[in-house]
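Report on the following structure.
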Amino acid sequence: MREDEVVERFRRTRALLEGHFVLTSGLHSTNYLQCALVLQHPSEAEAFGRAIAERFAGQQVEAVAAPAIGGIIIGWEVARALGVRSVWTERENGRMTLRRGFAVRDGERVVVVEDVITTGGSTRETVEALRELGANVVGAASIIDRSGGRADVGAPRHALATLDVPTHAPEVCPQCAQGVPAIKPGSRQP
Ligand SMILES: [Zn+2]
């Protein structure tokens, strides 16, 4: 799947908006990304899953692990395309780990999958948790990389599309300076 097709699927489902937005962090941006809005469509999730799985063809992947919540749907679809099982990590006392009876074998070849990588923090924590449990993490992937390719997750990394989305503190936001009203996404769309 080509990068422009990935972006088009996000635009079509309003998972990627252009305008003037207040992000959860309080920073302002010209783009708003909400992967859940594209992944609510099983056909889109399935297509992204197949495209990510192709990146790992021939690598004898035995399981997919995804950080909850964001990674669960896409992790499942990658696992389905690879014909392997899908587990997810979540926090227990602040530490990312496998719960619910999920386990990995010693040396098991695992890929870590997330919807979007911003700083790479949750993917990196999942990679480290799996290694501590004995897994062989052969790679990591996300649908979108919004770090502009800079995130280091401690494993070879793939993304279907890379976005470099500039953010600004409100005081130095160019759109604020022009008097453009900022929208807080998640509130009702007009
Ligand atoms: Zn602004």
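Counting starts at 1 for both ligands and their atoms, following the listed order. Computation of the quantities below employed the complete heavy-atom set of this structure, encompassing side-chain atoms and omitting hydrogens, waters and symmetry-equivalent molecules. Quantities reported herein were computed from a predicted structural model and do not represent experimental measurements.
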Aromatic ring pairing F48/F10, orientation class (parallel under 30°, perpendicular over 60°, tilted between):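 If you compare the ring of F48 with that of F10, the planes turn out tilted.
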Closest non-hydrogen atom pair, A68 against E90: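 Smallest heavy-atom distance, with atoms named: CB-CB, 4.3 Å.
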Atom nearest to the Zn ion (ligand 1) - H20, N, O or S atoms considered: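 Sorting the N, O and S atoms of H20 by distance to the Zn ion (ligand 1) puts NE2 first.
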Opening angle at the Zn ion (ligand 1) [SG, C176; ND1, H28; to 10 degrees]: 90°
E128 side chain to E125 backbone, donor-acceptor under 3.5 Å: no
V113, V61, V78, V64 screened by side chain to side chain contact (heavy atoms under 4.5 Å, CB included) with F56, the one that passes: V61
H168 backbone or side-chain N/O/S under 2.8 Å from the Zn ion (ligand 1):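 Not a single backbone or side-chain N, O or S atom of H168 is under 2.8 Å from the Zn ion (ligand 1).
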